Enquirer: 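Take a look at this one; I'll ask things after.
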Amino acid sequence: MKLRIAIILAVATALGAQAQQATTGYTDTPTIPGSKWRVHDATRPRPPVVTAGTCSTEDKPGKPPSDATMLFDGASTAAWSAEKGGPAQWKVENGYMEVAGASGGIVTKDEFGDSQLHVEFREPTPPKGDSQGRGNSGVFLYGLYEIQVLDSYNNVTYADGQASAIYGQSPPLVNAARPPGEWQSYDIVYTGPRFKDGKVDVPGYVTVFHNGVIVQNHTEILGATGHRVLPKLVVHGLKGPIMLQNHGNPVRYRNIWIRPLGEVQ
């Protein structure tokens with residue numbers, strides 16, 4: 001009996017030692033093609049730790065990830081300026097900001113490059129107007145490339161002008177719009193174009209989730225967006241502002257945050 005117990009203890013000790021010595025990487029595996037790193041490389045930097053945010057409800061906005069920059073927290077437009085200069089003039093109350101009359105659009109004071117952008121918006125209720133006249137606004141990346149905001153619930157308009165379209169270029173894959181009066185969300189992941197000698201060297205791309213449904217899947221940005229015009233080449237730097245459009249409709253916004261995309265090591 002004593003011998004059996006001793007054997008069991010010895011096996012348990014050996015297994016425990018093996019568990020403690022479990023490898024955290026290798027130095028003798030092949031190098032990944034096109035990379036300086038080996039498969040399961042022990043020296044490859046580990047990604048930074050980020051505390052995930054929480055989901056929004058109709059009554060309460062969620063919390064952003066721990067590394068996000070808050071652009072609108074429901075209380076202050078301090079991160080924004082009026083499109084034509086000066087303080088942002090949109091109405092702020094009850095945890096949201098609302099497009100205000102002829103005040104113009106608003107732009108972020110800071111500029112951002114390749115990023116993940118979260119925007120929540122609410123269309124006016126009861127709805128007024130139709131087509132492009134119903135709940136029209138827009139989220140402009142780099143101040144140039146519009147992701148359309150529109151009340152597209154039971155509202156027919158041209159395909160490349162409905163909610164979540166890259167305006168005038170690419171319709172969404174599906175119409176995921178909620179009824180007016182309900183909070184909606186865009187989660188936008190984008191990489192800006194790179195330019196060389198006054199021309200596009202590497203195109204920009206955007207992926208958009210509308211209310212959790214993918215509607216733009218790594219879609220190429222063809223140029224600056226506009227109404228009834230072809231995409232326009234505008235050479236710009238690696239960073240630019242986020243702009244929210246004033247199209248004359250009282251669209252509401254809340255819980256806007258952004259987090260720059262880090263490079264994979």
Side-chain angles (χ1 to χ4, degrees), residues 50 52-65 68 70-72 74 95-97 99 112 114-127 129-142 145-192 203-222 225 231 242-245 247 249 251-261:
V50 172
T54 59
C55 296
S56 295
T57 65
E58 187 65 26
D59 299 321
K60 184 178 180 180
K63 295 181 179 180
M70 201 71 191
L71 297 179
F72 180 65
Y96 62 79
M97 61 178 172
V99 177
F112 306 93
D114 304 342
S115 294
Q116 173 188 355
L117 174 66
H118 178 85
V119 178
E120 296 180 23
F121 63 95
R122 184 181 179 187
E123 294 293 351
T125 186
D130 53 23
S131 188
Q132 294 293 298
R134 182 182 293 184
N136 196 326
S137 183
V139 178
F140 284 73
L141 312 176
Y142 295 89
Y145 312 117
E146 181 183 10
I147 307 301
Q148 173 76 315
V149 172
L150 192 76
D151 181 357
S152 288
Y153 187 82
N154 291 335
N155 179 34
V156 177
T157 191
Y158 40 86
D160 60 12
Q162 72 175 65
S164 71
I166 303 176
Y167 188 74
Q169 298 180 23
S170 300
L173 296 172
V174 296
N175 181 351
R178 289 177 175 155
E182 295 185 13
W183 282 104
Q184 307 191 55
S185 65
Y186 283 164
D187 287 286
I188 304 168
V189 181
Y190 65 94
T191 55
Y205 294 93
V206 62
T207 295
V208 181
F209 291 84
H210 184 191
N211 297 325
V213 179
I214 190 165
V215 289
Q216 300 287 348
N217 183 16
H218 195 61
T219 306
E220 183 176 344
I221 299 170
L222 303 178
T225 57
I242 304 299
M243 186 180 81
L244 300 180
Q245 182 187 47
H247 204 278
N249 300 139
V251 178
R252 296 176 179 179
Y253 288 91
R254 73 174 187 182
N255 197 26
I256 304 175
W257 51 260
I258 193 168
R259 49 186 306 274
L261 299 180

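Along the sequence shown, the residues carry numbers beginning at 1. Nothing here was measured: the structure is a model prediction, and the numbers come from that model.
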Enquirer: Give the minimum heavy-atom separation between Arg134 and Asn249, together with the two atoms involved.
Expert: C-OD1, 4.1 Å
Enquirer: When rounded to the nearest 0.5 angstrom, what is the spacing between CD in Gln216 and OH in Tyr190?
Expert: 15.5 Å
Enquirer: Test your reading of the model: is there a side-chain donor-acceptor pair from Glu146 to the backbone of Tyr167, 3.5 Å cut-off?
Expert: no
Enquirer: Less than 3.5 Å apart, any donor N or O on the side chain of Thr157 or Gln132 sitting next to an acceptor on the other?
Expert: yes
Enquirer: For the backbone of Gly62 and the side chain of Ser56, can you confirm whether one donor and one acceptor N or O come within less than 3.5 Å of each other?
Expert: yes
Enquirer: Give me the ring orientation class for His218 and Tyr205: parallel if the planes are under 30° apart, tilted from 30 to 60°, perpendicular past 60°.
Expert: parallel
Enquirer: Quick one: does Asp160's side chain have a donor or acceptor within less than 3.5 Å of a partner on Ser170's backbone?
Expert: no
Enquirer: Side chains of residues 171-182: which donor-acceptor partners sit under 3.5 Å, not counting sequence neighbours?
Expert:
from	atom 1	to	atom 2	distance (Å)
Asn175	OD1	Ala177	N	3.0
Asn175	ND2	Ser152	O	2.9
Arg178	NH1	Trp183	O	3.0

Enquirer: Gly138 and Tyr253: which non-hydrogen atoms are nearest, and at how many Å?
Expert: N-OH, 3.9 Å
Enquirer: For Thr225, give me all partners under side-chain hydrogen bond (donor to acceptor under 3.5 Å, both in side chains), at least two apart in sequence or on another chain.
Expert: none
Enquirer: Measuring from atom CZ of Phe121 to atom CG of Asn255, what distance do you get when rounded to the nearest 0.5 angstrom?
Expert: 13.5 Å
Enquirer: Please report the shortest heavy-atom distance between Asp151 and Pro127, naming the atom on each side.
Expert: OD2-CB, 3.8 Å
Enquirer: Check the side chains of Glu120 and His118 for a donor-acceptor pair under 3.5 angstrom, ignoring hydrogens and angles.
Expert: yes
Enquirer: Just by modelled atom types, is the Gly161 backbone N or O under 3.5 Å from a matching donor or acceptor in the Gln148 side chain?
Expert: yes
Enquirer: Counting N and O atoms only, with roles assigned by atom type, does the side chain of Tyr145 sit under 3.5 Å from a partner on the main chain of Ile166, one being a donor and the other an acceptor?
Expert: no
Enquirer: Excluding sequence neighbours, so at least two apart, what forms side-chain contact (heavy atoms from CB on, under 4.5 Å) with Leu222?
Expert: Gln169, Glu220, Pro231
